[in-house]
Amino acid sequence: MPAIEILGLEKTYSVGFWRKRLKLALHPLSLTVEDGEIFGFLGPNGAGKTTTLKLLMGLVFPSAGSARILGREWTDPSVKAQIGFLPEQPYFYDYLTAHELLEYYGQLSGVPAKQRKQRVEHVLDQVGLRDVQGVQLRKFSKGMLQRVGIGQAILHDPKIVFFDEPMSGLDPIGRREVRDLMSQLKSEGKTVFFSTHILSDAETLCDRVAIIHKGELRGVGAVEDLTSSVQGTVEVIWHGSQVPASIKALGAGCHVTGDRVRATINESQQDAIIDALRRERLRLIAITPVRTSLEAYFVEKLRRAETTAGSTK
Amino acid sequence: MRTRIAYIASNTFREAVRDRVLYNLIAFALLLSGAAIFVGQISIEIEKLVVINLGLTAVSLFGIVIAIFIGIGLVSKEIEKRTLYTVLSRPVRRWEFIVGKFFGLAGTLVVNTFFMAIGVFAALFYVSHKFVRADALILVALYFIVLEFQIICSLTLLFSSFSSPLLSAVFAFSLFVIGSFAEDLRNFASMAHGFSRWLATGAAYLVPNFSAFNVITSIAHEQPVAGQLILQNTLYALFYATMALSGAVLIFERRDLK
Ligand SMILES: Nc1ncnc2c1ncn2[C@@H]1O[C@H](COP(=O)(O)OP(=O)(O)OP(=O)(O)O)[C@@H](O)[C@H]1O
Ligand SMILES: [Mg+2]
C-alpha cells in the first residue's frame with residue numbers, strides 16, 4: 001500500500017476583491033509516494049509546493065480531485081493522528097513555552113498522558129531545544145521556531161511526515177541535523193515527504209523526487225534516473241604541461257595547472273581521449289564522472305518547459 | 001472529542017490570562033471602591049442603589065468589551081498568524097476548534113465575572129455593613145449577565161469566522177446596542193405597517209433580545225425576578241448561542257485557510 005496517493009488534486013484560487021479572477025495554483029496533480037520513502041517535492045518559488053501540502057493537510061479544499069493517505073481518504077480524521085506536518089515559516093502560540101506547546105500538541109494528537117511528558121522531553125532533545133524549553137516562543141529566533149516546528153511534527157511518532165522547506169532558516173549545523181533526522185526517520189520505517197528548492201538537499205537524501213513548476217508536474221523519478229537522462233561529462237586528469245592538438249580536436253575544455261592538465265569532456269568521448277593520451281604517451285592520473293547535478297537537470301527541465309510554452313503561444 | 005475541546009478551551013483561557021486580560025479587574029476594583037467611598041457621604045439607601053446599579057452595569061460592560069475584544073481575534077488571528085496550521089493538521093475537527101474557543105472565552109468571562117461579583121458584594125458590605133435577603137437577587141442579575149456574555153461570545157465568533165477583526169467588532173458592538181433596545185424595536189414593529197412592519201419584525205426577532213436580560217434597575221429596587229423569566233432567558237441564551245455557533249461552524253468548515 002502506498003503511503004500517499006494524490007489523485008488529480010487541483011486548486012484554483014479566486015483573487016481580487018471587486019473583479020474576481022481565477023488563478024490556477026495547481027493543475028490536476030497525480031503522484032504516488034511509496035511507504036518508507038524519502039520523497040522530495042521540488043520546484044521554484046510559486047510552483048505550488050505549499051499549495052499541495054495545504055491541500056493534503058485539509059487546510060484548503062481542492063477544486064477537484066482527491067487523495068489517499070495510508071490507504072484511507074485524506075479527509076478521514078483518523079489519518080491525522082498518523083501524520084506530522086511542518087508548515088513553511090512556522091509560527092506558534094507565542095505566549096507558550098516550547099515545552100508547553102509540545103505538551104498541548106501532544107494532547108491534541110491524542111498522545112496518552114503517561115507517555116506525553118517523556119515524548120516531549122525526547123523531542124526537545126532531538127531538535128536541540130532542551131536548554132530553552134522554558135522560554136516563551138515570542139523570544140525565539142527564526143531557526144529556533146523552525147526547530148520547534150520539526151519537533152511538533154514528529155512529536156506523536158507519526159507514520160508519515162510532511163515537511164514544507166524543513167531546512168529554511170537553519171544554520172549549516174541545523175541543516176545537517178535535519179538531514180540526519182530525516183534519514184533516521186526513514187530507518188525507523190517512516191515516510192518523509194518534503195518540499196524544497198535547495199537541490200543539493202534533495203540530491204543527497206531522496207529516494208525519489210517530483211519536480212513541479214507553475215503548478216504542473218514536470219517529472220518524477222529516482223534521482224539517478226532523472227540525472228542520467230541528461231548527458232553526463234567526465235573529468236580527465238593527466239601528467240603534462242600542454243594539451244596535444246589531437247585532444248583539443250575532441251572538443252575538450254582544458255586547464256593546465258603546474259604539471260597537470262585537467263579536461264572535461266562529454267561522456268561519449270571518454271574512450272577517444274584515453275586512446276589519444278596513450279598515443280601521445282602521456283600519463284593518465286584520473287578519470288571521474290561528473291555527475292550531472294539535479295540542479296542541472298532542473299534548469300534543463302525548466303528551460304525546455306519555457307520553450308515549449310513559448311512555441312505554443 | 002470532549003477532551004480535545006477541553007484542551008482547546010483551557011489553552012484559550014491560558015492565552016487570555018497571559019495576555020493580561022484579567023488586569024481589567026484592577027480597573028474594576030478602582031472604579032467600584034472609588035464609587036463606594038464617593039457616595040459614602042449620602043444616605044445608605046442611595047448608596048446601596050448606586051453600588052448595585054453601577055457595580056452590575058460595570059460587570060456587564062467590562063465583560064462585553066472583553067468578549068468582543070478577545071472574541072474578534074479568536075479565529076481570525078489564528079488564521080492570520082497561521083497558528084492554525086499545526087492545530088488543524090492534527091486530529092482536531094474544525095467544529096471542535098470553534099466550540100473549544102467558545103468555551104475558552106466563555107470560561108474566561110465566567111472567571112472574570114466571579115471576581116467582579118466578589119467585588120460588588122464587598123462594596124455592598126462596605127456601604128451597608130450587612131447583607132439582607134434581597135441581596136441574593138444580585139446573583140440573578142449576575143446570572144443574566146453571564147448568559148448575555150454567552151450570546152455575545154458566540155456572535156463575535158460567528159463574525160470573526162468570516163470577516164476582519166475590525167468589522168467583527170463593529171458588527172458585534174452594534175448588535176449589542178441594538179439588542180439592548182430589542183424591546184423598543186419589537187414595540188415599534190407592532191405599530192408599523194406594510195413592508196416596514198415585516199422588516200422591523202424580522203430585525204426585532206433576529207437581534208439578540210438583551211433587554212430581557214437587564215434586570216439591574218429592578219433588582220436594585222429589590223423587586224423580585226419571576227422564575228419564568230429565569231427559565232425563559234436560560235433557554236433563549238442557549239438557543240441563540242447554539243445557533244450563532246452553528247453558523248460559525250458552518251462557515252469555518254468550508255473556509256480555505258490563508
Ligand atoms: N491564498 C492564495 N490566493 C491566491 N493565490 C494563491 C494563494 N496561495 C497561493 N497562491 C498562488 O499559488 C501559486 C503557488 O503558491 P505556493 O505557495 O504553493 O508556491 P510554493 O511552491 O510553495 O512556493 P515557495 O517556494 O515560494 O514557497 C502561486 O502562484 C501563488 O501566487
Ligand atoms: Mg512554499
Side-chain angles (χ1 to χ4, degrees), chain A residues 11-14 25 50-51 53-63 75-97 100-113 136-138 148-153 155-156 158 161-162 164, chain B residues 1-23 70 73-101 103-104 108 162-164 167 249-258:
Chain A
K11 180 67 188 173
T12 33
Y13 284 109
S14 73
T50 300
T51 303
L53 283 165
K54 279 164 78 178
L55 284 167
L56 287 174
M57 292 303 116
L59 300 172
V60 298
F61 299 101
S63 318
T75 44
D76 187 336
S78 68
V79 165
K80 296 270 179 73
Q82 316 220 24
I83 60 177
F85 175 49
L86 164 74
E88 69 180 342
Q89 295 164 19
Y91 193 80
F92 306 102
Y93 300 111
D94 56 12
Y95 50 89
L96 298 181
T97 66
E100 286 168 340
L101 184 89
L102 292 183
E103 174 81 28
Y104 177 47
Y105 280 172
Q107 294 170 338
L108 292 185
S109 286
V111 178
Q136 277 193 347
L137 294 174
R138 60 173 56 126
V148 177
I150 292 167
Q152 61 83 31
L155 173 69
H156 45 295
V161 291
F162 295 84
D164 200 352
Chain B
M1 164 204 102
R2 277 231 307 279
T3 52
R4 280 193 299 270
I5 292 175
Y7 288 137
I8 293 169
S10 62
N11 190 49
T12 308
F13 179 73
R14 180 161 57 177
E15 175 174 11
V17 172
R18 299 224 173 141
D19 284 346
R20 307 195 170 85
V21 167
L22 298 182
Y23 280 21
I70 304 182
L74 277 186
V75 179
S76 56
K77 199 174 77 193
E78 297 231 359
I79 294 179
E80 203 58 36
K81 290 191 166 177
R82 296 182 288 117
T83 44
L84 257 179
Y85 284 15
T86 42
V87 173
L88 292 184
S89 56
R90 295 181 186 282
V92 175
R93 268 75 139 198
R94 290 192 177 202
W95 70 264
E96 292 172 348
F97 177 76
I98 294 280
V99 174
K101 282 278 160 183
F103 281 120
T108 309
F162 65 86
S163 71
S164 72
L167 271 183
V249 167
L250 277 179
I251 294 169
F252 189 60
E253 288 277 358
R254 282 163 179 68
R255 214 184 136 164
D256 273 351
L257 298 190
K258 185 184 74 103

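Keep in mind it's a predicted model, so treat the numbers as computed, not measured. In what follows, chains are A, B, ... by sequence order, proteins preceding strands, each numbered from 1.
Under a cut-off of 6.0 angstrom, the local environment of CZ in B/Phe103 is sparse, with at most 12 non-hydrogen atoms contributed by other residues, nucleotides or ligands. Atom CZ of B/Arg254 has 12 or fewer neighbouring heavy atoms from other residues, nucleotides or ligands inside a 6.0 Å radius. Heavy-atom neighbours of B/Glu80 CD from other residues, nucleotides or ligands within 6.0 Å: at or below the threshold of 12.
In this structure, the portions of A/Phe92 lying under 4.5 Å from any heavy atom of chain B include both its backbone and its side chain. For chain A, the nearby parts of B/Arg4 are the backbone and the side chain; heavy atoms of each come within less than 4.5 Å. Residue B/Glu96 does not touch chain A at all, counting heavy-atom pairs closer than 4.5 Å. With a 4.5 angstrom heavy-atom cutoff, B/Arg18 touches chain A only via side-chain atoms. With a threshold of 4.5 angstrom between heavy atoms, B/Arg94 approaches chain A through side-chain atoms but not through N, CA, C or O. Interface remark: A/Gln82 contributes no atoms to any contact with chain B (heavy atom separation under 4.5 Å).
With chain B as the partner, the residue from A/Phe61, A/Phe85, A/Tyr91 showing the most heavy-atom pairs under 4.5 Å is A/Phe61. Ranked by heavy-atom pairs shorter than 4.5 Å toward chain B, the options A/Pro158, A/Gly84, A/Pro77 are led by A/Pro77. Note: B/Val87 leads B/Val87, B/Leu84, B/Thr3 in heavy-atom pairs under 4.5 Å with chain A.
The side-chain tip of B/Arg90 points at the ring of A/Tyr105 from less than 6.0 angstrom away and within 45° of straight on.
With sequence neighbours left out, the side chain to side chain donor-acceptor pair (under 3.5 Å) criterion links A/Gln107 to no other residue. Judged as a ring-ring contact (aromatic ring centres under 6.0 Å, His included), and not counting sequence neighbours, B/Phe13 has no contacts.
Between B/Leu257 and A/Val60 the shortest heavy-atom distance is O-CG1, 3.3 Å. Of all heavy-atom pairs between B/Tyr7 and A/Tyr104, the closest is O-CE1, 3.5 Å. Considering every non-hydrogen atom in both A/Ser109 and B/Pro91, the closest pair reads CA-CD, 3.8 Å.
Here the side chain of B/Lys81 pairs no donor or acceptor atom with the backbone of A/Tyr93 at under 3.5 angstrom. With hydrogens and angles disregarded, no donor-acceptor distance shorter than 3.5 Å links the side chain of A/Lys54 to the backbone of B/Tyr85.
With contacts defined as side-chain heavy-atom distances shorter than 4.5 Å, the pair A/Asp94/B/Thr83 does not qualify. Within the 4.5 Å cutoff, the side chain of B/Asn11 has heavy atoms near those of the A/Leu96 side chain. Side-chain contact between B/Thr86 and A/Pro87 is present, with heavy atoms from C-beta onward closer than 4.5 Å.
From A/Leu86, atom CG reaches atom OG of B/Ser89 across 10.0 Å, with rounding to the nearest 0.5 Å. A distance of 7.5 Å separates OH of A/Tyr95 from CG of B/Asp19, quoted to the nearest 0.5 Å.
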